[in-house]
Amino acid sequence: MTDLPPPVIHPAWLPPPTWRPLGSRRVRVDASGPFADTVRDEVSRACSLFGGSLSPAGGPADLILTLAPEDSGAAPRSVPDASDAAFRFGPAAPGAAPGFPAAGDGFRLGRRGTATVVTADGPSGLLYGLFEVIRRGEGAFDPALADEHHEPAFGLRVLDHWDNVDVHPVMGQVERGYAGGSLFWHAGRLRDDLTRVGDYARLLAASGINAVTVNNVNVHAGEAHLLTDRLGEVATIASIFRRYGIRVHLSIDFAAPVVLGDLPTADPLDPRVRRWWADTTDRVFATIPDFGGYLVKADSEGRPGPFTYGRTHADGADMLAAALAPHGAPVRWRAFVYNHRQDWRDRSTDRARAAHDHFAPLDGQFADNVILQVKHGPMDFQTREPVSPVLFAMRHTRQAVELQVTQEYTGQQKHLCYLPPMWSEVLGFRATGDSAPTLAERLSAGPAGSGSAVEGAASGRTAAGVLSAVANVGDDRFWTGHPLAQANLYAVGRLAWAPDRDPAAILDEWISLTFPDAPPRLRHTLHTLMDDSWRTYEHYTAPLGVGFMVRPGHHYGPDVDGYEYTPWGTYHFADRDGVGVDRTVATGTGFAGQYPAPWSDRYESLSSCPDELLLFFHHVPYTHVLHSGTTVIQHIYDTHFAGAQRVAEMQSAWQSVADLVDPDVHARVTGRLAEQHRSAEEWRDQINTYFHRKSGIPDAKGRPIH
Ligand code: GCW
């Protein structure tokens with residue numbers, strides 16, 4: 001029997017033709033050091049494909065990549081290597097926020113004579129400048145190219161992998177992963193062949209990401225050892241990512257001193273425990289000098305944490321911060337702390353309140369290199385949630401917003417759901433008034449008094465904000481299971497650079513890269529399929545922000561009452577008269593009061609609460625009339641019929657471009673759309689039937705309800 005040929009891995013947003021404009025020209029790299037070497041390797045590779053050349057110093061060039069001189073007139077700087085303090089995050093840079101790169105990722109793009117010139121603010125800016133040239137294609141060489149400076153809004157742009165080392169009996173190799181196995185580990189071992197990690201690093205750098213957490217926040221027995229005796233595996237992964245300016249972070253087990261260190265306690269105030277963390281962390285940095293930092297899920301869904309010892313989360317986080325501070329690295333401490341053993345009969349406990357109740361009182365107690373990582377919504381990555389009030393309640397605490405690229409609750413990469421419109425709403429939310437700063441602006445400014453606000457282009461320093469996102473990739477040959485879900489991954493990095501960027505423009509950019517020379521018909525069809533796909537998904541699933549209604553455990557497909565009588569705190573309270581959760585201060589759980597004005601008032605009042613969040617904040621009769629003019633029950637029927645119908649239209653739109661898309665990609669997407677259609681009809685029929693039976697109110701348009 002002959003071996004099957006190895007599967008062809010899809011090139012995602014860097015297929016060979018994207019390199020043609022650069023690879024067919026003369027390119028000079030006027031810098032030295034590791035990033036300059038990476039850039040040179042990329043240029044050489046492109047030139048070998050398309051006939052261009054890498055020019056020697058002083059040679060003729062159509063494109064020059066160089067570093068901004070430190071003082072005007074000085075020679076180009078060389079780039080320090082990984083062991084150089086200036087390469088590391090941290091206190092090496094006077095005045096820089098701990099945990100953030102001393103040198104800028106930014107770059108200037110413009111024309112000098114007949115050449116296009118990328119002038120990087122700092123070493124990593126060379127890489128980002130290179131990929132901007134790739135994105136621009138021929139446009140990068142337009143003699144009329146105007147001078148532009150690019151700089152990321154968020155200094156730390158990190159993808160968190162929920163990858164397990166050992167295959168978990170329930171969650172598998174990748175928790176909430178819908179794209180196959182882990183790129184790093186397979187069945188308990190680091191993969192021998194890490195070629196794809198290199199390709200992945202390159203894709204991420206091209207999208208603007210600069211850090212990756214390699215293991216799941218649920219740190220099980222095997223994964224705990226990555227911190228100590230299996231650290232070599234992390235070092236191997238780090239050595240691949242490093243070339244592309246990506247630092248490696250590790251999720252750690254709060255109980256590690258007990259689990260790995262033979263100590264009787266993990267009490268964060270115990271001197272032996274503190275010593276253990278300091279020594280262990282020193283060893284991590286001795287092995288991986290540019291190690292990125294720790295990520296911690298503590299006292300959450302059964303994970304150990306400081307509560308076991310009667311300590312606060314500030315005590316826990318600050319202990320790890322103290323171990324990391326000498327190395328200038330941060331600990332990201334997750335705010336996803338709630339009671340997952342709630343009694344559903346108890347109407348006073350509200351999971352949405354939990355993070356604010358736990359963390360807001362601790363504002364001011366966290367060390368400067370603690371980053372409180374907050375899920376974007378108060379519940380759990382639902383299709384529609386308000387922005388978490390924690391993100392506006394702690395002006396003296398450094399914070400990260402956590403997005404979920406993996407589509408746990410948004411169709412699990414079987415359904416097409418382009419998420420940037422949701423993320424844009426989150427990042428653009430102005431909690432304290434319509435002319436107040438957006439969430440992205442607040443986060444990138446850092447905590448009050450930190451002096452780490454985004455600085456001008458000339459500063460060469462990178463902004464302090466942190467944007468994190470749970471990754472959606474795996475060893476699937478299309479990377480993300482659904483080939484079009486690659487757009488979500490691409491967009492995270494792009495939004496971390498420019499949070500106010502229009503999602504449709506990001507999609508357009510992704511289309512240009514992924515489908516080189518896409519004719520207008522294909523471009524138009526992809527926009528038709530994807531621009532509104534998040535709202536389409538919302539239409540046929542849980543209505544008006546009420547959330548969940550998914551099958552318990554795996555979270556795929558409809559089950560209206562699946563979580564209704566469980567301990568998870570995720571209820572809709574539908575009865576014969578109405579539906580929704582009363583979270584008002586006046587008569588409900590008081591959650592609306594966790595927002596600053598004016599949103600506390602807007603959410604509190606039925607008359608000003610936005611329709612799409614009505615059932616998140618209020619319990620209303622089915623006959624309640626929305627701002628849109630329809631009743632709640634009729635809205636449920638209308639959106640569910642329309643949503644499922646829309647998916648059928650998406651299927652035919654996709655069929656109409658079969659002649660323009662690689663057959664492999666076309667077939668995979670066709671299969672996924674068929675499943676999406678089946679599932680959307682199932683959602684439609686279960687939700688409509690459920691509410692019809694509860695309310696007894698017929699559909700005004702007389703459509704079939706079962
Ligand atoms: O949404 C829930 C997921 C868990 C996940 C948890 C978390 C990693 O269902 O699988 O655990 O959130 O974010 O910690």
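Since we're looking at a predicted model, the values are computed, not measured. Counting convention: from 1, in listed order, for ligands and their atoms alike.
Residue pairs meeting the ring-ring contact (aromatic ring centres under 6.0 Å, His included) criterion with at least one partner in residues 397-416, sequence neighbours excluded, are Tyr409-Phe548, Tyr409-His555, His415-Tyr537, His415-Tyr540, His415-Tyr556.
Tyr603 meets the side chain to side chain donor-acceptor pair (under 3.5 Å) test with no other residue; sequence neighbours excluded.
Cation-pi check for Arg398 over Phe366 is not met; the charged atom does not lie both under 6.0 angstrom from the ring centroid and within 45 degrees of its normal. In this structure, Arg341 forms no cation-pi arrangement with Trp568, as its terminal cationic atom is not both closer than 6.0 Å to the ring centre and no more than 45° off the ring axis.
Aromatic pair Trp683/His640: centroids not less than 6.0 angstrom apart.
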Compile the donor-acceptor pairs under 3.5 Å between side chains in residues 181-190 and protein atoms, sequence neighbours left out, one pair per line.
residue	atom	partner	partner atom	Å
Ser182	OG	Asp163	OD2	2.8
Ser182	OG	Phe184	N	2.9
Ser182	OG	Trp185	N	3.0
Trp185	NE1	Glu233	OE1	2.9
Arg189	NH2	Asp192	OD1	3.4

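The protein residues lying under 4.0 angstrom from ligand 1, judged by non-hydrogen atoms, are Trp162, Glu175, Arg176, Asn216, Val217, Asn218, Lys297, Glu301, Arg334, Phe336, Lys375, Asp380, Glu408, His555.
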